Amino acid sequence: MPSIRLVDVTKRFGDITALDRVNLEIEDGEYVCVLGPTGSGKTTLLRLIAGVIKPTEGEIYIDGEPASRIPPQERNAAYLPQQYALFPHMRVIDNVAFGPMAKGLSREEAYEISKRMLEMTRLAWRMNSYPHELSGGMQQRLALARALASGAELLLLDEPLGALDARLRVELRYRLRELVKDEGLTAIHVTHDQEEAMAISDRIVVLRDGRIQQEGRPIEVYREPNSIFVANFVGGANFLEGFVHRRLNGSSIIQLRGGLRVRVLDTRFNLGERVVVAIREEATGIVPSSLKSKGGRGNLLPGRVRDISFLGSVVVYEVELVNGEVLNSKVPIQMDHGRFRVGDEVLLSLNPEHLRVYPYPPIGLYRELEAV
Ligand SMILES: Nc1ncnc2c1ncn2[C@@H]1O[C@H](COP(=O)(O)OP(=O)(O)OP(=O)(O)O)[C@@H](O)[C@H]1O
Ligand SMILES: [Mg+2]
């Protein structure tokens, strides 16, 4: 049964360190998504596990055995590269049946498995076409079907749904997870798409510049991002810079630009320390400015609606605070009553329970947010 362990794995290409002392354990039967911006080392990680390339330092273990002793073809892994190659002279069905037949299955058996995978990827109706006759998204689904039909217990999938339209992407990601769970496979699935990662995986591994920035169950990574980078990359958030101004009954008051203040529950930071306060857009409330007179409620920041975007299930209000900072408030459509117009004066309500505090990044907040 495939379990994978990476111990202090570093991969360098000349001066470039693509992966830097990565430690990672993947259990048998787990569905892991690797998430990270372009160039963060996702493909390198898959290629190392597939055995296409070797670590510069460190060791990879497959089922407890050092992978350096297991040739790629004996790793029982199906690697679907980001730039997959199809067999151009073979029909769709034969592209898929190639793997099972190479493993010794009869043509009949191989076709049966292949048809099942083509049905799953919604391509059975093009069974007799040639790859060049397929659209880009169909070619990707063919490559995926071929990887799935190979019978391998470990799936290494590099952006397997990247070329598909939104609907099919969502449908196939559920089918992929279902297949992995039903057949007891192990999957490592690379994606840029944080929503896909959250929907499909048991565990998310977030890479940045070749290092694991955070790993955990999707809900943990979403609720407790350990850095500005992860908060920004996974789910997005509003970020405000400030200083720890004073302590108040087990909470801290953060002084923002322009004299605004917010109360946070975090007391780990020293008085005077420069920090960044973050809150999810969907946790950022928006209320009419008239509420202020009623007084008493903490963390109401005055501003003006600058823009309104309708995104289907949510409405996003872009609000410019009186100090010039711009925050988004995401309101589910059924909660929104079209109360606000561009130019309206409003209050943003930042519930201390939802505010997280991070040290101010050495490269500056702006550049840190651009790192995604
Ligand atoms: N064969 C190679 N030779 C030189 N540099 C390489 C090679 N393969 C990868 N790199 C470098 O290693 C770093 C990580 O690359 P990798 O392909 O793993 O990123 P990625 O996270 O998959 O990015 P993307 O999301 O764009 O696919 C990059 O800086 C890349 O240029
Ligand atoms: Mg890649």
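Read the numbers this way: they start at 1 and go in the same order the structure lists the ligands and their atoms. If you're wondering where the values come from, they're calculated on a predicted model, not measured in any experiment.
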Taking Lys42 for the side chain and Leu207 for the main chain, is one N or O donor matched with an acceptor at less than 3.5 Å?
no
From Arg247, Arg268, Arg246, residue fulfilling side chain to side chain donor-acceptor pair (under 3.5 Å) relative to Ser252:
Arg247
May I have the list of side-chain donor-acceptor pairs in residues 273-281 shorter than 3.5 Å, sequence neighbours left out?
{"residue": "Glu273", "atom": "OE1", "partner": "Asn270", "partner atom": "N", "Å": "2.9"}
{"residue": "Arg274", "atom": "NH2", "partner": "Glu241", "partner atom": "OE1", "Å": "3.1"}
{"residue": "Arg280", "atom": "NH1", "partner": "Ala231", "partner atom": "O", "Å": "3.0"}
{"residue": "Arg280", "atom": "NH1", "partner": "Val234", "partner atom": "O", "Å": "2.8"}
{"residue": "Arg280", "atom": "NH1", "partner": "Gly236", "partner atom": "O", "Å": "2.8"}
{"residue": "Arg280", "atom": "NH2", "partner": "Tyr222", "partner atom": "O", "Å": "2.7"}
{"residue": "Arg280", "atom": "NH2", "partner": "Val234", "partner atom": "O", "Å": "3.1"}
{"residue": "Glu281", "atom": "OE2", "partner": "Asn328", "partner atom": "ND2", "Å": "3.2"}

Does a donor on one side chain and an acceptor on the other come within less than 3.5 Å for Glu59 and Ser68?
yes
Could you tell me if Arg146 sits above the aromatic ring of Tyr84, with its cationic atom closer than 6.0 Å to the ring centre and no more than 45 degrees from the axis?
no
List the steps, then state whether side chain to side chain contact (heavy atoms under 4.5 Å, CB included) holds for Glu195 with Arg173.
CA-CA 11 Å; Glu195 196 187 292; Arg173 74 188 183 206; 3.6 Å; yes
Per-ligand residue contacts, ligand 1, heavy-atom threshold under 4.0 Å:
Phe13, Ile16, Ala18, Pro37, Thr38, Gly39, Ser40, Gly41, Lys42, Thr43, Thr44, Gln82, His192
Asn299 side chain to Arg263 side chain, donor-acceptor N/O pair below 3.5 angstrom:
no
Determine, for Tyr111 and Lys115, whether the Lys NZ or Arg CZ falls below 6.0 Å from the six-membered ring centre while staying within 45 degrees of the axis.
no
Mind checking side chain to side chain contact (heavy atoms under 4.5 Å, CB included) for Asp182 and listing every partner two or more places apart, or none if nothing turns up?
Glu178
Using a cut-off of 2.8 Å, find all protein N, O or S atoms closer to the Mg ion (ligand 2) than that distance.
Thr43 OG1, Gln82 OE1
